[in-house]
Every structure is written in structure tokens, then in C-alpha cells.
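Here the structure is laid out as C-alpha cells; the discussion comes afterwards.
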Amino acid sequence: MNAQLLLNSLRVQDDNLDALIDILEAEKNAIVLHDFTALEQSITDKQKILRTVDQEESNRVKIIKEFAGLYSLELPKASVDNLLRQGKNYLEKEFKELEKIRTSIKYKVGIVSRINSQLKDLVDFSRNMIKETLIALVGNSKNSLVNKKV
């Protein structure tokens, strides 16, 4: 196992996060614009990319464990941070590139977190709007909207 496998895995994950950010922005715009078709498409796309992110994460953990085993490194957790801390001597050529990609991934995860928070706020707002609209239309009673008697 060489560090190039890890670099490639992290590059793929970095690209996956770029795609996820684009999808989340599209989802946010679809909610704001009340575009149900675009919202459904963005949710489908998000599910696909999240599966890809999860698969690549599993691949990365496997690569780090193999690398740690090869050099007898005791990593508390198979993370890039732990590997960079403890395996720095074995990653001479790739160390700076690994740090650069790790920093990029951390930054993009922060963006994903921020957009998810915005989406949560939008969904909460939409829920409240629907609730208020229904209350305005039918009142605050618990009576059914539809007459069940036929």
C-alpha cells in the first residue's frame, strides 16, 4: 500500500463533496422557488452522492488501516488526522498534498454543515407556513376537513 491510494481516495472524496454542495444548493433553491420537480431531483441526486461518499469513506478507512498495519502504527482511530500525526515519517513525499486535501475536505464539510442548517431552517419555516395556512383556512378546530358521511 502506498500513500498514492490514500491521496486518490481523498481526491475522489473532495470531488464528491463539491458535487454534494452543488446538490444541496439546488435543493435549497428548489425549496425557495417552490419547484417540487427540482426538489425531488435534488433529493434523488443527494441520496446517490451520499451513497458514494459513504463508500469512499469505507475505502479510505480500509486504506488507512492497511497503511497502519504495514508500518505497525497504533492509530486510535483510522482517520487521516491520526495517520498524518503518527505516520508523518512514512509519508514524506505525499505529506503536504495529504494535508492540503484534508484541509479542503474539512472546509467543504463545514460548507455542507452550513447549508444543511439553512435547509433545516427552510423546512421548519415551510412547515410553519403550511400549518398557519391550514389554521387560517379551517380554523383552529380539530374537525375533519372532509365530511366522512356519504
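Residue numbers start at 1 and run along the sequence shown. We use all heavy atoms of the structure for the numbers below, so side chains are in, but hydrogens, waters and symmetry mates are not.
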Cationic N near anionic O, under 4.0 Å, E97 to R11: yes
For the student: nearest non-hydrogen atoms of I105 and L10, plus distance: CD1-O, 3.6 Å
Nearest-0.5 Å distance that lies between atom CG in L70 and atom NZ in K65: 16.0 Å
Side-chain ion pair, D124 and K120, N-O less than 4.0 Å: yes
Hphob cluster co-occupancy, I63 + V61, side-chain heavy atoms under 4.5 angstrom: no
T52: side-chain hydrogen bond (donor to acceptor under 3.5 Å, both in side chains) partners, not counting sequence neighbours: none
Taking every non-hydrogen atom, the tightest pair across R60 and S79: NH1-CA, 3.7 Å
Linked, directly or transitively: F95 and Y71 (ILVMFWY side chains, under 4.5 Å): yes
Q118: partners by side-chain hydrogen bond (donor to acceptor under 3.5 Å, both in side chains), with sequence neighbours left out: K28
Rounded distance [0.5 Å steps], CD1 in I64 versus CD in E66: 11.0 Å
Closest heavy-atom pair and its distance - L24, K46: CD2-CD, 3.5 Å
Residue pair I115 / L119, side-chain heavy-atom distance below 4.5 Å: yes
Rounded distance [0.5 Å steps], CG in L6 versus CG in L98: 5.0 Å
Same apolar cluster (I L V M F W Y, side chains within < 4.5 Å links), V12/F67: no
Spacing of E56 atom CD and D15 atom CG [to the nearest 0.5 Å]: 10.0 Å
Check: S117 side chain, S113 main-chain N or O, donor-acceptor pair, under 3.5 Å: no
Shared hydrophobic cluster for L122 and I23 (ILVMFWY, side-chain gaps under 4.5 Å): yes
Separation between NZ of K62 and OG of S9, rounded to the nearest 0.5 Å: 11.0 Å
For a quick test of your reading: what N or O donor-acceptor pairs under 3.5 Å do the side chains of residues 29-36 make, sequence neighbours left out?
unit_1: N29; atom_1: ND2; unit_2: E25; atom_2: O; d: 3.3
unit_1: D35; atom_1: OD1; unit_2: T37; atom_2: N; d: 3.4
unit_1: D35; atom_1: OD1; unit_2: A38; atom_2: N; d: 3.1

Minimum heavy-atom distance between K108 and D18, given as atom pair plus value: NZ-OD1, 2.8 Å
Intermediate values then yes/no, side-chain contact (heavy atoms from CB on, under 4.5 Å), R114 and I111: CA-CA 5 Å; R114 182 179 46 82; I111 292 172; 3.8 Å; yes
With sequence neighbours excluded, residues passing side-chain hydrogen bond (donor to acceptor under 3.5 Å, both in side chains) with Q47: none
Other cluster members, F125 - Ile/Leu/Val/Met/Phe/Trp/Tyr, side-chain contacts below 4.5 Å: M129
Heavy-atom donor-acceptor pair, N82 side chain to L75 backbone, under 3.5 Å: no
Nearest heavy atoms of L73 and Q86, plus distance in Å: CD2-O, 3.6 Å
In one Ile/Leu/Val/Met/Phe/Trp/Tyr side-chain cluster, 4.5 Å: V109, I49: yes
Test item: S58 side-chain N/O and D54 main-chain N/O as donor-acceptor pair under 3.5 Å: yes
Interatomic distance, K88 atom NZ to E94 atom CD [nearest 0.5 angstrom]: 14.0 Å
N-O pairing of R102 and D14 below 4.0 Å: no
For Q41, all residues meeting side-chain hydrogen bond (donor to acceptor under 3.5 Å, both in side chains), sequence neighbours excluded: D45
K100 vs T103 side-chain heavy atoms within contact, under 4.5 Å: no
